[in-house]
Amino acid sequence: MHEGKYALSTGYAAGVTPEELSEQVRGALSDLARSQGLTVDIPEVVHLERPRNRDHGDYATNIAMALAKSAGLSPRDLAEALCAVLSQWPGIESASVAGPGFINIRLDTAAQGELARTIVSAGEHYGHGTLLAGQVINVEFISANPTGPLHLGHTRWAAIGDAIARVLAAAGATVAKEFYINDRGVQMDRFGASVMAVAQGKPVPEDGYHGGYITDLAAAISAQHPEFALLDDAEQVSAYREAAYELQLAQQQQVLELFRTHFDVWYSERSLHESGAVPAGLQRLREQGHVFELDGALWLRTTDFGDDKDRVLIKADGEYTYFASDTAYYVDKRNRGFDRAIYLLGADHHGYVNRLRAVAACAGDDMDANVEVLIGQLVKITRAGEEVKLSKRAGNIVTLEDLVDEVGVDAARYSLIRYPADSPLTLDLEVITQHTSDNPVFYVQYAHARVCSVLRNAQDLHIDWRSADFEPAALSTEQESALLGALGQFPRIVAGAAELREPHRIARYLERTATAYHRFYDNCRVLPRGDEPVTEEHLARLWLCAATRQTIANGLQLLGVHAPERM
RNA sequence: GCGCCCGUAGCUCAAUGGAUAGAGCUACCGGUUUCUACCCGGUCGGUUGGGGGUUCGAGUCCCUCCGGGCGCACCA
């Protein structure tokens with residue numbers, strides 16, 4: 001770890017990050033086990049938390065209660081023994097037992113302050129880790145039909161999916177973001193027929209697409225391809241369908257880039273069939289022995305692995321089902337080298353979870369390790385309490401573009417990421433366009449801009465804090481300690497968000513950190529006033545500001561939200 | 001009928017089995033001759049839908065009931 005290196009090679013005060021502290025508790029446990037002959041299962045990571053009540057110290061752990069039974073000691077006795085060892089460590093001011101066996105740890109000021117230097121030198125890598133190192137993960141999301149604009153549900157996944165991918169990468173995984181283009185089947189034909197009908201001045205078929213964007217597509221295609229009108233009807237449907245497909249897909253791609261959600265792979269369902277991946281996938285399933293024939297159709301026995309019913313791969317009429325594409329697509333992802341395929345689906349597709357897991361198992365994989373399905377609940381938009389349902393472009397849905405037009409990319413992304421995906425969400429447009437503290441995205445961005453302003457002013461005063469001495473013990477106030485504590489949590493938060501696939505934890509963390517900074521700012525003067533000399537306290541606070549700026553910037557980066565230097 | 005998700009303050013929502021369940025908004029009270037007041041402090045607000053259980057400890061895990069959303073194709 002960086003801090004350790006500093007402590008040894010430069011003679012700076014030993015720094016204590018939560019990760020180091022966790023290691024120290026582990027070390028104390030094995031010391032105890034050895035010296036007292038205890039048989040305890042020492043966990044790989046000792047859970048440390050920041051107590052809500054600061055009277056309980058800087059950090060607390062419940063490890064003694066968790067291990068007491070296996071150690072054959074009472075929780076308090078085990079805790080006492082651990083505290084005796086921990087109190088000897090450099091950087092720890094005190095360790096004490098509380099309540100049923102909590103261990104409360106207080107760091108000494110200098111050890112805590114070292115963190116500012118650690119963060120500044122880690123720079124944009126601060127918070128990144130190796131929890132998922134070596135894993136190759138495919139994250140598939142949105143995967144809409146190219147038959148219209150992306151709607152609100154897609155938009156939620158665009159924001160969350162992208163953030164999940166960024167967070168997984170920060171935790172050390174190799175990640176590809178993938179969009180599966182549903183460009184095959186009757187929806188495409190209905191789409192083509194709808195555009196053609198409008199181009200010909202006829203009414204859109206009952207089962208067709210009715211949004212205003214169909215009119216725009218028809219007009220664009222008619223202008224570009226006047227020769228389509230000369231084709232016979234069957235050829236014309238196909239010509240309109242293909243031209244509209246191309247335009248609509250391009251529109252989705254452009255809007256997503258604008259939304260800062262970049263896909264590494266756009267995978268066409270058609271290409272799956274054209275490449276022979278479907279029969280290849282089928283072959284794989286046959287080899288595993290879960291394919292059977294019944295009533296003239298070919299089935300996959302997904303009920304072997306927890307699905308409600310078996311699924312048809314090839315219909316009695318000889319056509320592949322959509323499900324056949326799904327299975328082939330899964331096999332193809334694995335063949336492309338992904339250890340894990342993560343699917344992000346809307347709540348209306350939760351019935352697919354068991355099916356997809358069963359597909360993995362039928363292909364001979366581990367359905368717990370190789371496939372993962374996350375379900376996102378629906379989003380509702382209100383304006384002053386009234387639900388908004390109408391889109392400017394698409395009729396009775398709200399599109400990604402509509403939302404971005406209303407609130408901007410930063411507020412849209414942040415507001416969608418801020419809540420866990422599995423809870424239904426209602427966003428009020430009036431709230432997320434306000435530039436006040438009831439709108440957390442601006443609250444966090446403002447904290448960043450505020451830090452930047454202080455650092456700019458320091459530069460104007462020719463205070464070169466970077467090359468001056470840094471005295472970590474000068475960060476001694478309650479607010480400085482609280483801010484350092486918050487900054488130290490960041491790597492943990494990133495790792496947890498990655499492990500749980502919950503980027504909202506990053507957003508919530510940033511809000512807490514912003515609050516800690518604002519409190520610090522209100523109580524601790526950073527820069528010298530007037531003719532005051534520059535003290536080590538000023539310099540230390542500048543280091544703390546720089547560390548705060550870096551942490552907030554790194555966090556916002558994981559959410560795909562800008563960190564403005566001025567507001 | 002079967003299955004999945006949800007139910008936490010008036011509203012929108014947090015809380016990885018831990019200590020007194022937290023934020024923001026709303027209402028009210030206060031703070032800046034000083035680095036960005038888009039900020040900070042305070043007051044009011046709860047039987048975590050109900051009832052059982054598991055254990056040192058449950059908003060969190062299990063069972064059950066109530067309420068809401070969604071899904072149960074040889075459609076895509």
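Every chain is numbered from 1, with letters handed out A, B, ... down the list of sequences.
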For residues 484-499 of chain A, run the donor-acceptor check on the side chains, cut-off 3.5 Å, and write out each pair with its distance to 0.1 Å, sequence neighbours left out.
none

- Message: Suppose we screen for salt bridge (charged side-chain N to carboxylate O under 4.0 Å, His left out). Which residues come up paired with A:Arg311, at least two apart in sequence or across chains?
- Response: A:Asp307
- Query: Which residues satisfy the salt bridge (charged side-chain N to carboxylate O under 4.0 Å, His left out) test with A:Glu23, sequence neighbours excluded?
  - Reply: A:Arg26
- Query: What pairs with A:Asp207 under salt bridge (charged side-chain N to carboxylate O under 4.0 Å, His left out), at least two apart in sequence or on another chain?
  - Reply: A:Arg190
- Message: A:Tyr352: which residues meet the side chain to side chain donor-acceptor pair (under 3.5 Å) condition with it, sequence neighbours left out?
- Response: none
- So, A:Arg541 and A:Glu537, do they make that salt bridge, N to O below 4.0 Å? yes
Check: residues 450-462 of chain A side-chain donor-acceptor pairs under 3.5 Å, at least two apart:
unit_1	atom_1	unit_2	atom_2	d
A:Arg450	NH1	A:His518	ND1	3.0
A:Arg456	NH1	A:Glu565	O	3.0
A:Asn457	ND2	A:Ser453	O	3.3

- For nucleotides 1-13 of chain B, just jot down a letter per nucleotide in 5' to 3' order: B, S or -, based on protein non-hydrogen atoms under 4.0 Å. --BBSS-----SS
- Checking all strands, does A:Cys545 fall into the base, sugar-phosphate, or nothing category for heavy-atom contacts under 4.0 angstrom? nothing
Measure all distances between protein nitrogen or oxygen atoms and nitrogen or oxygen atoms of nucleotides 53-63 of chain B, and list the pairs falling under 3.5 Å.
unit_1	atom_1	unit_2	atom_2	d
B:rC56	OP1	A:Lys69	NZ	3.4

- Query: Listed by chain and number, what are the side chain to side chain donor-acceptor pair (under 3.5 Å) partners of A:Arg156, not counting sequence neighbours?
  - Reply: none
- May I ask you to list the residues of residues 294-302 of chain A, by number, that have any heavy atom positioned under 4.0 Å from an atom of RNA chain B? A:Leu294, A:Asp295, A:Ala297, A:Trp299
- Sorted by chain and number, sequence neighbours left out, side-chain contact (heavy atoms from CB on, under 4.5 Å) with A:Asp295 holds for none
- Message: Mind checking if A:Ala316 touches a base, just sugar-phosphate, or nothing, with heavy atoms under 4.0 Å?
- Response: base
- Scan every strand shown for a Watson-Crick or G-U wobble partner of B:rU12, both distances under 3.5 Å, and answer none if you come up empty. B:rA23
- Item | Complement of B:rU47, any strand, by Watson-Crick or G-U distances under 3.5 angstrom | none
- Note on the structure: Sequence neighbours excluded, the answer for salt bridge (charged side-chain N to carboxylate O under 4.0 Å, His left out) partners of A:Arg549 is none
- Query: OP1 or OP2 of B:rG71 sitting under 4.0 Å from any side-chain N/O of A:Lys309?
  - Reply: no
- Task: Give one of base, sugar-phosphate or nothing for A:His504, where a contact means two heavy atoms less than 4.0 Å apart.
- Result: sugar-phosphate
